[in-house]
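Chain letters run A, B, ... following the sequence lines, proteins first and then strands; every chain starts at 1.
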Number of protein chains: 2
Amino acid sequence: MSLDERKKKILSSVVEDYIESAEPVGSKTIVDKYNLEYSPATIRNEMKLLEDDGYLEQPHISAGRIPSTKGYRYYVDNLMKEKKLSMLDINYIDNSITGYGDTENLLEQASDTVSKLLGRPTILTLKNEDIIESIKLLRITDKILLVIVMSKNGTIKDCVAKLTDIIPEDTVNELTKVLNINLKGTPLERVYYALNMVISKELTTFSEILGQISEGLRRELNSGVKKISNNVESILELPEFSDVEKAKNFVNILSTKDILDSTLAKVSNNELGIIIGSENKEILLSEYSIISLNILDDKNIGNLSVISPKRIDYSKTVSTLKYINSKFKNLFSKPN
Amino acid sequence: MSLDERKKKILSSVVEDYIESAEPVGSKTIVDKYNLEYSPATIRNEMKLLEDDGYLEQPHISAGRIPSTKGYRYYVDNLMKEKKLSMLDINYIDNSITGYGDTENLLEQASDTVSKLLGRPTILTLKNEDIIESIKLLRITDKILLVIVMSKNGTIKDCVAKLTDIIPEDTVNELTKVLNINLKGTPLERVYYALNMVISKELTTFSEILGQISEGLRRELNSGVKKISNNVESILELPEFSDVEKAKNFVNILSTKDILDSTLAKVSNNELGIIIGSENKEILLSEYSIISLNILDDKNIGNLSVISPKRIDYSKTVSTLKYINSKFKNLFSKPN
DNA sequence: ATTAGCACTCGATTTATCTAAGTGCTAATT
DNA sequence: AATTAGCACTTAGATAAATCGAGTGCTAAT
């Protein structure tokens, strides 16, 4: 499955030209633009062979070639040169990710920034494997409590519990103890289940209030797709979406949480994973690629994925995600 | 500017048929479907007159008629019968709006529900005219403070402030005082400005921390478009969007906060307001209608607007919003 | 005041024609 | 053996012409 140098050059030229132009690439273009020292006829012969081997495809018989999924894969694994980001891009990222707020704010900023920079939607998924460090209760009024959860890695989440009866100070203290004893060490994403366990075994005195807290925290802390930064203006301008049906399909994919959740669950465990077109198990995604960054600290914090038609500048995307990742590592390593 | 009964019947038939079919309505359709006791020729004469008066338009000379903005306006003001919602719809709404969480959660649920029910995007705008009752600070760690803002009507908002230096207990107490003295009574939406005033006149000791708080609260509390429930699957299916350019334009409008903010600022002060097509000042919106509900308690809490091509079932939309409003009134009147 | 009758208009659909890009193959060349 | 010039061939896409049908506006009759 190895290609000689000339084939490699041709394949990489086709991929890069197609990524830029969105038009099938012909033999003449390759000779002219990419300085191959051969005639178009030679290139044609080689392209035929590359097509026979499944690296290239021909939309129709009198058209140029476009990369197949296999072609993109070979390019990504063997041919792609990692581009350095331009100073402009670096500045843009640095200015957009201010580090304001907690980890979640930070990831959201990163997600928006990447989406804007690449002109593709990004999907931010939170893992919440982080575990609870402690819980505080703050009395707001007689009947309203603010429940504040602090995680080991510094995530702070809260929810409001509205009760029907007035809560005496004792109860609040007692409740704080109960919550801390039972929940310390629990992963954030499992708080809901843990609390329901507590409810089922604890005195019924607390069950109403615990129910409220459980429901509130479930909404704040569940894992899964958190946010889609959908830079729609630019994505719909892609020639891939000049056909309304395709545009609709894509929009549909983006708004179907299940598809995204299950697809992103299958991304590799490495920091960087690339799924191209039909490599995707989900058939609706067979014309799209997902390039995703697992955000790791001690634990898997979340995942930031770029979704796009297969035609995307993989090199720039990877560089961007890597740069974002280095920023994360930097910010995480700083003491809070 | 008053129309005789027959013209009214014809106009309302054209509007209702066009709302349903999205096709220009011809004289024969009206006679057949709406039981007018006249021949198509008579209807044609009347339609001609209605067109001369600006109530109807003809896409081209050999087509049927469609309502003009003026025609829709007359229909909405004089002809439209308010439909009762079906039990199905009422159940759907009742089950979707659970009343969980604070006011903001509630409005978001309502916005999503209306969007799903009508198959149109909804825009939720929050006003935050509600004023600050008190502010508490909670120390999370040496360097992290949780700032909790409580409003008069029960909204609770918070943000995290991360500082570079360790904050002594005294400082926290002092700061709490400063914040309460300066911010009590301030409308939530003006907290940012109020805090910056404080910063400019207070001792520089607090300026870093106040800056953090100011920034954090600005993000939590600013007024304006809060959430767009964009039920994209169904909206893009409308025949109005079979042309990609129009679809893009609409998507663009939805993602341009400025357009929506300034348009919604001009909506009437009544609980229910309807802006049709070119009545809109913003030229980009001249083919769209906005039907919006101002949500009032003591103060103006926010606005829930449906945005759509001019062709929308105004009657059902109005009924839905009115029903939602009655639910709000019910929930607000209950004590917390 | 209403309507039957009819010529007319124009968008939409279909069919035919043309063009340009790019191929694959063969035979000649290096 | 590798490369390339030459050429017939294919096909998408653009343009033009032909046809169809829905619906009109006007005139004259009822």
Side-chain angles (χ1 to χ4, degrees), chain A residues 3-11 13-14 17-18 20-68 71 239-240 242-246, chain B residues 3-11 13-15 17-18 20-68 71 239-240 242-244 246:
Chain A
L3 303 175
D4 63 41
E5 284 311 310
R6 192 167 67 183
K7 285 205 179 60
K8 285 182 186 173
K9 186 79 171 71
I10 292 171
L11 177 54
S13 301
V14 171
D17 201 78
Y18 184 64
E20 204 188 313
S21 72
E23 299 286 340
V25 186
S27 51
K28 195 160 175 309
T29 309
I30 292 190
V31 174
D32 293 351
K33 279 177 68 177
Y34 297 89
N35 317 313
L36 275 273
E37 305 280 292
Y38 298 95
S39 75
T42 308
I43 306 299
R44 275 205 292 282
N45 290 331
E46 292 283 66
M47 287 168 99
K48 185 80 185 356
L49 295 175
L50 282 167
E51 187 181 356
D52 292 344
D53 277 353
Y55 294 100
L56 296 178
E57 288 171 355
Q58 218 172 3
H60 57 87
I61 199 164
S62 70
R65 301 306 204 293
I66 64 177
S68 66
E240 275 84 351
S242 59
D243 174 3
V244 196
E245 282 312 309
K246 290 191 181 137
Chain B
L3 303 175
D4 63 44
E5 284 312 309
R6 192 168 67 187
K7 285 206 179 62
K8 284 183 187 172
K9 186 80 171 69
I10 292 172
L11 176 55
S13 301
V14 172
V15 171
D17 201 79
Y18 184 65
E20 204 189 312
S21 72
E23 298 288 339
V25 186
S27 52
K28 194 157 176 312
T29 310
I30 291 190
V31 173
D32 293 352
K33 279 178 67 178
Y34 297 88
N35 317 312
L36 276 271
E37 306 280 294
Y38 298 95
S39 75
T42 308
I43 305 299
R44 276 204 292 285
N45 290 331
E46 293 282 67
M47 286 168 100
K48 184 79 186 354
L49 295 174
L50 282 166
E51 187 182 356
D52 292 344
D53 277 353
Y55 294 99
L56 296 178
E57 288 172 357
Q58 218 172 2
H60 57 88
I61 200 163
S62 70
R65 301 305 204 295
I66 64 177
S68 66
E240 275 84 350
S242 59
D243 174 1
V244 195
K246 292 195 179 131

**Q** Students often get this wrong, so: under 4.0 angstrom with heavy atoms, is Lys48(B) touching a base, only sugar-phosphate, or nothing?
**A**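 Touches sugar-phosphate only.
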**Q** Go through the steps for Leu50(B) and Arg65(B) under the test side-chain contact (heavy atoms from CB on, under 4.5 Å), then give the verdict.
**A** CA-CA 10 Å; Leu50(B) 282 166; Arg65(B) 301 305 204 295; over 6 Å; no
**Q** Should we count NZ of Lys28(A) as having more than 12 external heavy atoms under 6.0 Å?
**A**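 No, the 6.0 Å shell around NZ holds no more than 12 heavy atoms from other groups.
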**Q** Give a yes/no on whether any side-chain N or O of Arg6(B) is located under 4.0 angstrom from OP1 or OP2 of dT2(C).
**A**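 Yes, such a contact exists.
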**Q** Is there a donor and acceptor pair, one atom on the side chain of Ser62(A) and one on the base of dT23(C), closer than 3.5 Å?
**A**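 Per atom types, no contact qualifies.
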**Q** Counting side-chain heavy atoms from C-beta on, which of dT24(D), dT9(C), dG24(C) comes nearest to Ile61(B)?
**A**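 Of the candidates, dT9(C) comes closest.
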**Q** Between dT24(D), dT10(D), dT2(C), which nucleotide gets closest to the side-chain atoms of Tyr38(B)?
**A**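 Among dT24(D), dT10(D), dT2(C), the one nearest the side chain of Tyr38(B) is dT2(C).
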**Q** Let's see if you can work this out: which of dT4(D), dT9(C), dT3(C) has an atom nearest to the side-chain heavy atoms of Ala41(A)?
**A**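 Output: dT4(D).
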**Q** Partner lookup for dA28(D), please. Criteria are Watson-Crick or G-U wobble with both distances under 3.5 angstrom; report none if nothing qualifies.
**A**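 dT3(C) - that is the nucleotide pairing with dA28(D), both distances being under 3.5 Å.
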**Q** Nearest to the side chain of His60(B), which nucleotide is it out of dC10(C), dA12(D), dT3(C)?
**A**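 Ranking dC10(C), dA12(D), dT3(C) by closest atom to the His60(B) side chain puts dC10(C) first.
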**Q** For dT9(C), which nucleotide is its Watson-Crick or G-U wobble mate, given both distances must be under 3.5 Å?
**A**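 dA22(D) is the nucleotide pairing with dT9(C).
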**Q** Where the side chain of Asp53(A) meets the backbone of Tyr55(A), is there a donor-acceptor pair that is under 3.5 Å apart?
**A**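 Side chain of Asp53(A) to backbone of Tyr55(A): no pair is present.
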**Q** Would you tell me if any nitrogen or oxygen in the side chain of Ser39(A) comes within less than 4.0 Å of OP1 or OP2 on dT3(D)?
**A**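 Indeed not, no polar side-chain atom of Ser39(A) lies that close.
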**Q** Is Arg65(A) near enough to dG24(C) that one of its side-chain N or O atoms lies under 4.0 angstrom from OP1 or OP2?
**A**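 Arg65(A) to dG24(C) OP1/OP2: side-chain N or O found under 4.0 Å.
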**Q** If you assign Glu37(B) and Arg44(A) each to the DNA chain C nucleotide with the nearest heavy atom, which residue ends up on the more 5' nucleotide?
**A**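 Taking each residue's closest nucleotide, the earlier one in sequence belongs to Glu37(B).
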**Q** With the threshold set at 4.0 Å, does a side-chain nitrogen-carboxylate oxygen contact exist between Glu5(B) and Lys8(B)?
**A**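 Salt bridge flag = yes for Lys8(B) with Glu5(B).
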**Q** Establish, with yes or no, whether the OP1 or OP2 oxygen of dT24(D) is under 4.0 angstrom from a side-chain nitrogen or oxygen of Ser27(B).
**A**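 For dT24(D), OP1 or OP2 has a side-chain N or O of Ser27(B) closer than 4.0 Å.
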